[in-house]
Chemist: 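Below you will find the structure I want to go over with you.
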Amino acid sequence: MRIAVVGATGMVGNVMLQVLKERDFTITELIPVASERSVGKEIIYDGKSYTIVSMQNAVDMKPDVALFSAGGGTSLEWAPKFAEVGTTVIDNSSAWRMHPEKKLVVPEINANALSKTDKIIANPNCSTIQMVVALAPLHKKYTIKRLVISTYQSITGTGVKAVRQLASEFVGETADMAYPHQIHKNAIPHCDVFEEDGYTKEELKLVRETRKILGDDSIAITATAVRIPVVGGHSESVNIEFENDFDLKEVKQLLSETDGVTVQDDIENNNYPMPFYSEGKDDVFVGRIRRDLSQENSLNLWIVSDNLRKGAATNTVQIAEYLVDHNLV
Ligand code: 2RA
């Protein structure tokens, strides 16, 4: 398989390369792609050195698959050019997620909708992916009526500049401000940019992408996305109102049998999901599973996952694996 990694020098690009190696993805030719300022530099993959090429050179090389993590503008401009030469693009930006003709894919949920004609495939937002992996089996069994979501998001979701700001603040230094506030002693209710209605793009992604992936626009959803000074992964408190009642033991059993989910819910031993323990792992960790006693047919969950892995790189590679396994590329 001839694979291009577009954004190979970025945080997610680096994790994609790591995951490709970990999962022994069959690569006959690796094409690392980055912005003009990185063209000609070297990256090491599996002990070998590869030279970073330009976007146009990568298109001209006609890779079978291109894994994108290079921002929405780059994806809007270049994904169609790769698709025109027959490359299948799997894009991590928000550029194509809500496009009516583009698939928004979490393999455990809806990869079966993919076909050979899908040449630009959207990878959902990290905070959406980890949530729907846990919610999909519950929606299928009990039908979700409403979601109230609060997220506690890792600073890695903002990018390397914010990670550097956090590290500097912890040692009392000042750094380029990725945020309008100090990070290390704060919970900042501001992930991505604010829209006219007072919600952030991050919060609206949770609303719109969840409905598209679960295939149900009737689900009522509201979200508050908060940035906190951790680096290991995103955490989410999710309140779910179902159309139908449920048995709590059955919910826990259903989650524990779900691919990609690890139930961590042993409060007697203080064993519950936390970013520190999810970092570097691909599963979605679910705990604090309990009935919402204030409302019938309602459940509370605590969901944690490494936002750079299942939230981005691993989900992208899993989509590529599905395409290969089902002869769609
Ligand atoms: C964030 N989900 O965490 C967004 C983009 N990675 O900021």
Side-chain angles (χ1 to χ4, degrees), residues 6-7 9-16 18-19 67-76 90-98 104-106 122-135 147 149-166 176-181 183-184 186-195 199-210 212-213 221 223-238 273 275-276 278-280 282 284 303-317 319:
V6 178
T9 58
M11 284 173 84
V12 172
N14 272 293
V15 179
M16 283 200 279
Q18 185 184 333
V19 171
L67 309 182
F68 264 61
S69 180
T74 299
S75 183
L76 283 171
I90 306 170
D91 178 44
N92 266 269
S93 81
S94 57
W96 305 98
R97 290 176 184 159
M98 298 315 294
L104 184 62
V105 177
V106 177
N123 197 61
N125 192 37
C126 41
S127 51
T128 305
I129 291 175
Q130 68 182 68
M131 185 179 72
V132 294
V133 167
L135 293 189
L147 296 173
I149 308 154
S150 297
T151 73
Y152 308 82
Q153 299 187 211
S154 163
I155 205 70
T156 55
T158 312
V160 68
K161 187 177 171 185
V163 173
R164 287 190 187 126
Q165 178 184 342
L166 178 64
D176 289 349
M177 297 287 276
Y179 262 91
H181 306 289
I183 300 170
H184 72 307
N186 253 327
I188 304 174
H190 181 178
C191 296
D192 210 324
V193 297
F194 283 103
E195 298 269 1
Y199 284 82
T200 61
K201 282 185 181 290
E202 186 76 6
E203 292 157 351
L204 295 174
K205 288 171 187 175
L206 280 160
V207 176
R208 295 167 180 154
E209 294 178 21
T210 300
K212 182 169 179 178
I213 295 162
I221 306 174
T224 301
V226 180
R227 191 73 67 189
I228 60 169
V230 299
V231 292
H234 289 348
S235 304
E236 297 169 341
S237 170
V238 184
F276 182 74
S278 76
E279 187 172 18
D282 288 327
V284 169
I303 302 170
V304 177
S305 193
D306 184 331
N307 55 295
L308 295 179
R309 289 184 71 100
K310 183 57 183 174
T314 304
N315 198 72
T316 301
V317 173
I319 293 171

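Counting starts at 1 for both ligands and their atoms, in listed order.
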Chemist: Inspect the contact between D282 and R309 and indicate whether a charged nitrogen and a carboxylate oxygen are less than 4.0 angstrom apart.
Modeler: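 Looking at R309 and D282, the cut-off is met.
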
Chemist: Counting C-beta onward and ignoring hydrogens, is there a side-chain heavy-atom pair between V105 and N123 closer than 4.5 Å?
Modeler: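 Result no, sub-4.5 Å side-chain heavy-atom pair not found.
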
Chemist: Have a look at ligand 1 and work out which part of H234, if any, has a heavy atom under 4.0 Å from it: side chain, backbone, both or neither.
Modeler: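 For H234, the contact with ligand 1 is made by the side chain alone.
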
Chemist: Would you indicate whether the side-chain heavy atoms of E203 and R208 approach each other to under 4.5 Å?
Modeler: no

Chemist: For N307, state whether at least one heavy atom is located under 4.0 Å from any atom of ligand 1.
Modeler: no

Chemist: Among H234, K205, E202, find the one that has a side chain to side chain donor-acceptor pair (under 3.5 Å) with S127.
Modeler: E202

Chemist: Can you list the atoms of ligand 1 that are under 4.0 Å from a heavy atom of N125?
Modeler: 2 (N), 4 (C), 5 (C)

Chemist: Could you tell me whether the side chain of I221 reaches within less than 4.5 Å of the side chain of T210, counting heavy atoms only?
Modeler: yes

Chemist: Where is the nearest protein heavy atom to atom 4 (C) of ligand 1: which residue, which atom, and how far?
Modeler: E202 OE1, 3.2 Å

Chemist: Can you pull out the closest protein heavy atom to atom 5 (C) of ligand 1? Residue, atom name and distance to 0.1 Å, please.
Modeler: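 Protein heavy atom at minimum distance: G157 O, 3.5 Å.
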
Chemist: So for S127, does at least one of its heavy atoms come nearer than 4.0 angstrom to any atom of ligand 1?
Modeler: no

Chemist: What's the shortest distance from atom 7 (O) of ligand 1 to any protein heavy atom, and which residue and atom give it?
Modeler: R227 NH2, 2.5 Å

Chemist: Please determine whether a side-chain nitrogen of the Lys or Arg among R97 and D91 lies less than 4.0 Å from a carboxylate oxygen of the Asp or Glu.
Modeler: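 Salt bridge between R97 and D91, a charged N being under 4.0 Å from a carboxylate O: no.
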
